[in-house]
Amino acid sequence: MKKINLVVILALSIFTASYMALAQAPAPGQQAAPQQPMTFFIVSAGSGNGANLGGLAGADMICQARANAVGAGMHTWHAYLSTSATATQPAVNARDRIGNGPWYNAKGAKVAKDVADLHLDNLDAARLGNNLGKQTALNEKGGIVNGVGDMPNTHDMLTGSMPDGRAYTDGADHTCQNWTSSTTGTAQLGHSDRNGGGNTSWNSAHPSRGCSQDNLVSTGGAGLFYCFAIN
């Protein structure tokens with residue numbers, strides 16, 4: 001009797017799996033939906049000069065160049081970076097310079113549907129969470145960025161931002177002098193793998209030890225940052 005029951009269970013399992021595969025397959029004559037174009041990535045390499053990216057304009061140029069190199073230059077790309085207010089310029093919030101979404105990685109997986117979803121702005125968004133993590137926060141080539149447990153760990157992302165994606169207003173330097181310094185200051189960092197030090201924030205996990213390349217490497221970074229298509 002036990003042998004018969006096992007045979008029945010196995011047959012039902014095979015039938016169920018086959019049915020689900022057929023149900024999800026395109027109908028005859030229909031094609032599968034095309035993959036969404038990439039509208040989000042982590043740069044595979046930063047400036048090489050620590051947190052000195054040449055300001056926001058320089059960081060955007062790096063994003064655009066990386067996108068162009070993989071055939072995604074039809075979009076306009078901005079770096080996810082905040083800057084602090086100066087005597088002549090107001091603060092810039094990272095969340096305000098990345099477009100409206102939705103955003104998809106190099107494999108076509110959605111990482112967030114809009115700005116509120118990305119930053120968990122409301123109860124629904126906070127309950128569901130965005131889809132950023134080690135398996136989805138890919139570079140422009142579709143590669144996984146090293147995280148906790150990998151050698152070297154490069155999960156620290158330059159952001160200069162608070163968890164809500166806005167610039168700090170406390171007067172301290174969280175942006176390595178608005179992304180123009182590889183010596184003086186510190187930068188606020190996020191964890192692309194949502195892991196490490198008990199902090200799962202993708203955009204505001206901890207400050208850097210400084211602004212040089214060595215400073216960024218010392219805490220698990222490489223001067224990398226997020227890029228979003230704004231159109």
Side-chain angles (χ1 to χ4, degrees), residues 40-56 58-60 62-63 66 78-84 91-95 98 105 111 118-120 129-141 143-228:
F40 160 86
F41 64 86
I42 291 171
V43 293
S44 57
S47 69
N49 192 24
N52 184 351
L53 307 175
L56 286 181
D60 290 346
I62 294 172
C63 286
R66 299 287 183 267
H78 278 182
Y80 182 90
L81 297 169
S82 293
T83 60
S84 301
V92 174
N93 301 319
R95 64 179 291 141
I98 59 172
N105 67 16
V111 296
L118 185 64
H119 296 94
L120 314 181
N130 63 43
N131 192 35
L132 278 173
K134 185 175 182 179
Q135 301 302 318
T136 55
L138 307 178
N139 65 30
E140 75 275 9
K141 302 174 184 178
I144 291 177
V145 176
N146 283 3
V148 172
D150 298 324
M151 293 296 291
N153 178 10
T154 58
H155 72 169
D156 282 352
M157 298 291 119
L158 301 171
T159 72
S161 303
M162 297 188 293
D164 64 0
R166 294 183 171 89
Y168 283 85
T169 58
D170 58 5
D173 183 10
H174 300 274
T175 64
C176 288
Q177 298 186 17
N178 288 340
W179 315 113
T180 63
S181 173
S182 59
T183 54
T184 305
T186 60
Q188 188 68 7
L189 309 167
H191 285 165
S192 61
D193 59 350
R194 311 288 288 269
N195 193 11
N199 194 318
T200 61
S201 176
W202 66 277
N203 69 339
S204 193
H206 61 86
S208 68
R209 290 177 179 168
C211 299
S212 71
Q213 192 72 14
D214 287 344
N215 288 148
L216 300 180
V217 169
S218 70
T219 58
L224 307 182
F225 49 93
Y226 302 110
C227 298
F228 289 79

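Counting all heavy atoms, side chain and backbone alike, Asn153 lies closest to His155 at OD1-N, 3.1 Å. Taking both residues in full, the closest heavy atoms of Asn52 and Ser182 are given as CB-N, 3.9 Å, listed atom of the first, atom of the second, then distance. In terms of heavy atoms, Phe41 sits closest to Asn139 at CB-C, 3.8 Å. Contact detail for Ala137 and Val145: the closest heavy-atom pair is O-CG2, 3.8 Å.
Residues Asp193 and Val148 form a side-chain contact, since some pair of their non-hydrogen atoms from C-beta on lies under 4.5 Å apart. By the 4.5 Å heavy-atom criterion applied to side chains, Leu118 and Leu132 are counted as neighbours. Taking 4.5 Å as the limit, some side-chain heavy atom of Ser192 sits within range of a side-chain heavy atom of Ile42. Side-chain atoms of Pro163 and Ser204, non-hydrogen and from C-beta on, do get closer than 4.5 Å to each other. Between Leu81 and Leu158 there is a side-chain heavy-atom pair separated by less than 4.5 Å. Cys63 places none of its side-chain heavy atoms less than 4.5 Å from the side chain of Phe228. Contact of the His206 side chain with the Asn199 side chain is not registered, since no non-hydrogen atoms from C-beta on lie closer than 4.5 Å. Residues Gln135 and Asn105 have side chains not in contact (no heavy-atom distance under 4.5 Å, counting atoms from C-beta outward).
Under the rule for a salt bridge (charged side-chain N to carboxylate O under 4.0 Å, His left out), Arg66 has no partner lying at least two apart in sequence or in another chain. A search for ring pair (Phe, Tyr, Trp, His ring centres under 6.0 Å) contacts involving Trp202 returns Tyr80, His119, Tyr226, not counting sequence neighbours. Here Ala167 pairs with Ser82, Ala91, Asn93 under the side-chain contact (heavy atoms from CB on, under 4.5 Å) rule; sequence neighbours left out.
A distance of 8.0 Å separates OG1 in Thr136 from CG in Asn130, rounded to the nearest 0.5 Å. The distance from the OG atom of Ser201 to the CG atom of Asn195 is 12.5 Å, given to the nearest 0.5 Å. From His174, atom NE2 reaches atom CG of Leu189 across 11.5 Å, with rounding to the nearest 0.5 Å. Taken to the nearest 0.5 Å, the SG atom of Cys227 stands 8.0 Å off from the CG atom of Asp60. Atom-to-atom distance recorded for Asn49:CG and Thr180:OG1 is 10.5 Å, nearest 0.5 angstrom. The OG atom of Ser208 lies 5.5 Å from the CG atom of Leu216; values are rounded to the nearest 0.5 Å.
Within the structure, the salt bridge (charged side-chain N to carboxylate O under 4.0 Å, His left out) test picks out the following pairs touching residues 158-187 (sequence neighbours left out): Asp164-Arg166. Pairs engaging residues 146-183 under the disulfide (SG to SG under 2.5 Å) rule: Cys176-Cys211 [sequence neighbours left out]. For residues 146-157, the pairs satisfying salt bridge (charged side-chain N to carboxylate O under 4.0 Å, His left out) are Lys134-Asp150, with sequence neighbours left out.
Between the side chains of Ser218 and Asn215, not a single donor N or O lies within less than 3.5 Å of an accepting N or O.
For Gln213 (side chain) and Gly50 (main-chain N/O), a donor-acceptor pair under 3.5 Å exists by modelled atom type.
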Would you check, one step at a time, whether the test side-chain hydrogen bond (donor to acceptor under 3.5 Å, both in side chains) holds for Ser44 with Glu140?
CA-CA 7 Å; Ser44 57; Glu140 75 275 9; 2.5 Å; yes
